[in-house]
Amino acid sequence: MKIVIIGNGMVGHKLCEKLIARNSQQSLELVVFGEDTRPAYDRVHLSEFFAGKSARDLELAGYDWYAEHHIKLYTGDPIRSIDPATKTIHSHLGLTENYDYLILATGSAAFVPPIPGVEKEGVFIYRTIEDLELIRDYAPKVKSGAVIGGGLLGLEAAKALIDLGIKEVHVVEFAPRLMPRQVDEAGSKILQTKLEQLGLHIHTNTNTREILGGQNITGLKFSDTEAISTDMLIISAGIKPRDELARHSGLATGNRGGIIVNEKMQTSDPFIYAIGECALYNGMIYGLVAPGYEMADAVASQLMGDNKLFTGFDMSTKLKLIGVDVASFGDPFSTGNAVRTIVLEDQHKNIYKRINLSEDGKQLLGGILIGEADQYNMLLQTCKNKLVLPPDPETIFLGEKNGTVRQGGGVLDLPAEAIICSCEGITKDTICCSVTGQGCESVDTIKKMTKAGTGCGGCVPMIKDLVTGTMKAQGKYLRNSLCEHFSQSRQELFDLIKIHDLKTYDEALDKLGAGHGCEVCKPAIASIIASLWGEMILKKGNDTAQDSNDRFLANIQKGGSYSIVPRIPGGEITPEKLIVIGQVAKKYNLYTKITGGQRIDMFGAHVTDLPLIWEELIAAGFESGHAYGKALRTVKSCVGSTWCRFGLHDSVSFAIRIEERYRGLRAPHKIKSAVSGCIRECAEAQGKDFGIIATEKGWNLFVCGNGGSKPQHALLLASDLDDETCIKYIDRFLMFYIKTADPLTRTATWLNKMDGGIDYLRNVVVNDSLHMAEQWEAEMQALVNSYKCEWKEVVENPELRKRFTHFVNAPEEKDPTIKFEPMRDQKKVADWK
Amino acid sequence: MQTITHQKTQAWFEACHTHDVPHNGGVCVKYNDQQIALFHFARRGEWYATQNECPHRKQMALSRGMIGTSGDEPKVACPFHKKTFSLITGECISGDECTIKTYEVKVEQGLVYIAVDGHHENY
């Protein structure tokens with residue numbers, strides 16, 4: 001069987017894919033003619049050309065793909081005529097091919113209204129890569145630009161002008177509102193307000209009478225009195241099906257254009273089919289890619305012996321226009337007695353949501369979402385699959401605000417035949433089966449196997465949920481086990497260790513684990529025990545379960561020497577104490593450096609010297625700074641209102657109070673904090689696990705910030721708190737973190753993994769939604785009360801002190817392999833060998 | 001237990017008292033100019049000895065590492081970069097191509113002895 005396809009756009013290419021997929025008998029001969037000089041490319045993401053994507057990046061498949069599948073592809077060669085009687089076609093370059101079946105996928109062209117002056121330089125259409133290249137080359141010369149057409153593509157073109165650096169951009173729409181085909185009047189108004197806030201000039205209800213200028217465009221004339229000046233214009237006033245070839249060949253076409261097809265996509269000649277934007281089905285041109293793909297699938301099915309029909313396609317769509325979410329689904333406009341609508345119109349945040357319900361309120365008919373479209377996928381599925389709505393249907397689009405939980409289940413509740421990926425027409429069943437049958441366990445493998453999620457990408461979050469959900473259902477879900485010795489997660493172990501009142505690593509391993517432990521579970525369990533009971537970490541045999549730094553209460557450095565950081569709360573230190581640090585460092589030949597956390601670090605101490613050094617530091621009033629532990633490190637502060645002319649509150653005093661409250665607190669990872677005395681934020685509190693910033697009325701509490709390799713700004717948890725409330729919230733926040741985070745997870749990562757994010761966290765900490773606040777505050781107070789300086793205990797306890805030697809059989813000797821070299825009047829450790 | 005290569009010159013070196021070594025942890029033993037890491041795997045009632053130097057970055061640190069098991073294989077993790085080595089064969093079991101020397105250990109009347117070579121070698 002020989003099939004000839006005229007047109008190598010997205011839909012024509014999709015047909016090739018669909019035919020190849022069904023061509024297991026190798027019985028097909030495929031010939032493709034494209035007018036364009038390049039093979040099919042992705043027009044849906046055409047605008048990304050301006051964001052730096054090359055024509056190559058937009059390519060759907062190159063010449064290689066066609067060659068590999070033995071498809072003859074002629075590019076840059078449009079078809080001149082079709083002779084249905086002899087079943088032959090003639091190309092512009094003189095080729096003649098006969099066919100068994102012919103498919104027209106000729107697409108559409110931009111509709112250019114007959115406005116005087118359209119021929120002027122600086123007037124463009126927005127259709128192909130070539131158009132975009134012309135626009136890109138012209139744009140640097142201009143200060144202002146305009147787009148005729150306030151539909152989907154027109155607004156994309158406007159965005160392109162903004163991206164090209166054009167300061168003043170106008171959108172001119174003939175209809176009374178933007179996006180008249182997708183959005184109702186109220187929604188349009190919100191969209192318009194939002195776009196105007198972003199700097200677009202929007203003229204609705206406006207007819208362009210004339211394009212002004214000489215050789216080059218200088219402006220648009222709307223009426224005798226109204227005009228705007230503009231240096232360039234993009235016309236995006238709709239599409240015009242490319243039906244001229246069909247018409248000239250005697251095929252039936254519609255009055256207003258389009259090749260008439262039946263539900264098999266057959267034209268008036270049963271051996272000729274038409275698909276995509278050139279096809280007129282049921283009086284309608286489908287100007288989106290998904291229905292075009294659906295048509296391609298129907299044709300492939302017909303030609304290869306099945307009987308899949310095209311019966312119309314819903315035009316649901318979701319996109320981000322200039323950063324504004326816009327979505328419409330089902331029947332967005334349905335009105336009448338049998339329809340109930342629920343509308344949310346937030347003129348403050350510029351959010352508009354409308355859903356149309358059946359009279360009994362049980363079914364979702366369609367809707368519109370502007371400004372926030374997170375629920376689009378679920379609403380679309382609910383609509384398409386006619387799922388029964390919850391008794392309070394508004395909850396399905398009001399979401400999880402104010403602590404109410406969203407009703408109506410998730411993607412797992414959808415029926416098996418639900419279409420998850422509309423672009424490729426992939427059902428839930430297909431995705432789930434590739435998880436269970438083909439072992440796809442990631443979105444990427446699902447993409448490769450089924451092509452789901454490879455189009456617009458909007459369904460990727462649902463695919464992800466389906467993959468994890470299906471794996472979970474199979475019992476295949478990987479438990480968040482600590483290691484080979486403990487099958488439980490850290491959170492489970494935390495609770496179990498508490499319930500069983502376990503005080504040592506060995507007890508925990510005997511009771512809850514198996515085998516003999518390792519370097520993963522030892523420090524994790526030791527940390528849980530420390531967080532729970534607040535006992536000295538080196539006692540009861542727990543010393544050898546501690547990571548090396550905790551075991552020696554110091555930070556091991558290159559070469560095997562240690563560094564020492566005494567606590568300097570809030571970064572405040574007296575001259576006397578500074579002198580002591582200087583004397584100690586000099587006596588033990590230590591390299592000194594100011595740390596990022598407003599403390600002083602002393603490097604190069606032999607393990608044997610550690611107790612001696614600490615004896616002197618403790619005598620001078622210092623205590624451990626826990627720089628070695630997964631524990632509270634420092635609470636940085638700015639100088640605050642006591643000295644600073646901008647300071648609102650005494651940030652140093654508060655930082656000292658905070659640091660002294662949480663010192664020694666063991667956690668899944670280190671914790672850093674800071675207090676700033678005013679909004680200038682000199683203490684960088686927003687980069688900390690918890691940060692406090694003074695306001696006129698009290699303190700703002702920020703949480704889950706991070707510096708390090710993946711910096712993340714902290715998020716505001718609560719505002720204008722008094723000292724006591726602030727501390728209460730920090731107590732709850734820290735206890736919640738300590739109890740639930742995975743090992744070695746900083747607060748930022750912990751929050752990123754938390755369902756519901758900061759809103760959920762705020763609910764737990766501020767609104768006490770779990771009713772744990774009182775218990776957590778009491779537990780924190782118990783830990784605060786049990787605090788003792790670890791180093792003081794070691795210095796005073798000969799048994800513990802005995803472990804701080806290098807040679808067990810020569811305790812007075814130091815490790816002779818540790819070598820230092822001089823550098824800038826101090827010393828440095830010799831480099832790694 | 002491992003086989004000793006220099007059978008003829010092997011000697012038992014008295015390292016320390018059993019109570020000098022923490023349960024399920026290690027200490028460093030000085031033997032002439034060598035450093036030997038000695039471990040008391042109390043959970044299994046076993047004693048092990050290896051070179052103290054981690055071959056990865058040549059750090060005298062293995063005696064301060066955490067010990068444990070991988071399957072049934074006793075191992076030690078270097079505190080610097082958590083490279084792990086079998087306490088029986090000395091092979092690196094975290095994927096690197098390096099091996100540490102292991103020594104035979106015996107305990108008699110509260111004293112721990114390590115089987116050492118007669119030569120003074122550096123490892």
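Residue numbering restarts at 1 for every chain, and letters A, B, ... go by the order of the sequence lines. Source: prediction; values computed, not measured.
- Within the 4.5 angstrom heavy-atom criterion, only side-chain atoms of A/E484, from C-beta onward, approach chain B.
- Only the backbone of A/A545 comes within contact range of chain B, with heavy atoms under 4.5 Å apart.
- A distance of 12.5 Å separates NE2 of A/H516 from CD of B/E73, quoted to the nearest 0.5 Å.
- The distance from the NE2 atom of B/H19 to the CD atom of A/E799 is 9.5 Å, given to the nearest 0.5 Å.
- Using a 4.5 Å cut-off on side-chain heavy atoms (C-beta onward), A/K522 and B/I67 make contact.
- At least one side-chain heavy atom of B/D20 sits less than 4.5 Å from a side-chain heavy atom of A/K802.
- Inter-residue side-chain proximity for B/M66 and A/S548 is flagged as unmet; no heavy-atom pair is nearer than 4.5 Å.
- Side-chain atoms of A/N809 and B/E14 include no donor-acceptor pair closer than 3.5 Å.
- The contact between B/N52 and chain A is made entirely by side chain atoms (from C-beta outward), counting heavy-atom distances below 4.5 Å.
- You'll find the side chain of A/T544 stays beyond 4.5 Å of the side chain of B/H23, heavy atoms only.
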Full working for salt bridge (charged side-chain N to carboxylate O under 4.0 Å, His left out) between A/D547 and B/K82 = CA-CA 10 Å; A/D547 214 338; B/K82 297 288 186 296; 2.9 Å; yes
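- Between A/H485 and B/T69, the side chains place a donor N or O and an acceptor N or O closer than 3.5 Å (distance only, hydrogens not considered).
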request  = Given side-chain contact (heavy atoms from CB on, under 4.5 Å), test A/D815 with B/K30 step by step and report yes or no.
outcome  = CA-CA 10 Å; A/D815 180 359; B/K30 181 178 159 74; over 6 Å; no
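- For B/V21, the part sitting under 4.5 Å from any heavy atom of chain A is the backbone (N, CA, C, O) and nothing else.
- Using a 4.5 Å cut-off on side-chain heavy atoms (C-beta onward), A/F807 and B/V29 make no contact.
- The neighbour count for A/D501 CG, taken as heavy atoms of other residues, nucleotides or ligands under 6.0 Å away, is above 12.
- At a threshold of 4.5 Å between non-hydrogen side-chain atoms, the residues A/V607 and B/R64 count as touching.
- Counting non-hydrogen atoms of neighbouring residues, nucleotides and ligands closer than 6.0 angstrom, the NZ atom of A/K511 reaches no more than 12 such neighbours.
- Heavy-atom pairs under 4.5 Å with chain A were tallied for B/G25, B/P79, B/C28, B/C16; the largest tally goes to B/C28.
- Counting heavy-atom pairs closer than 4.5 Å to chain A, the top residue among B/A61, B/S70, B/G65 is B/S70.
- The shortest side-chain heavy-atom distance between A/T817 and B/Q59 does not fall under the 4.5 Å cut-off.
- Summarising the local packing, NZ of A/K827 is surrounded by more than 12 heavy atoms from other residues, nucleotides or ligands at distances under 6.0 Å.
- Contact of A/Q546 with chain B is made through the backbone alone, with heavy-atom distances under 4.5 Å.
- Among the candidates A/C483, A/C518, A/G517, the residue making the largest number of heavy-atom pairs closer than 4.5 Å to chain B is A/G517.
- Using a 4.5 Å cut-off between heavy atoms, B/F13 touches chain A through its side chain atoms alone.
- Only the side chain of A/F552 comes within less than 4.5 Å of a heavy atom in chain B; its backbone stays farther off.
- Side-chain contact between B/Q35 and A/H806: present, with at least one pair of heavy atoms (C-beta onward) separated by less than 4.5 Å.
- Closest of all the heavy-atom pairs between B/P22 and A/R551 is CG-NH2, 3.5 Å.
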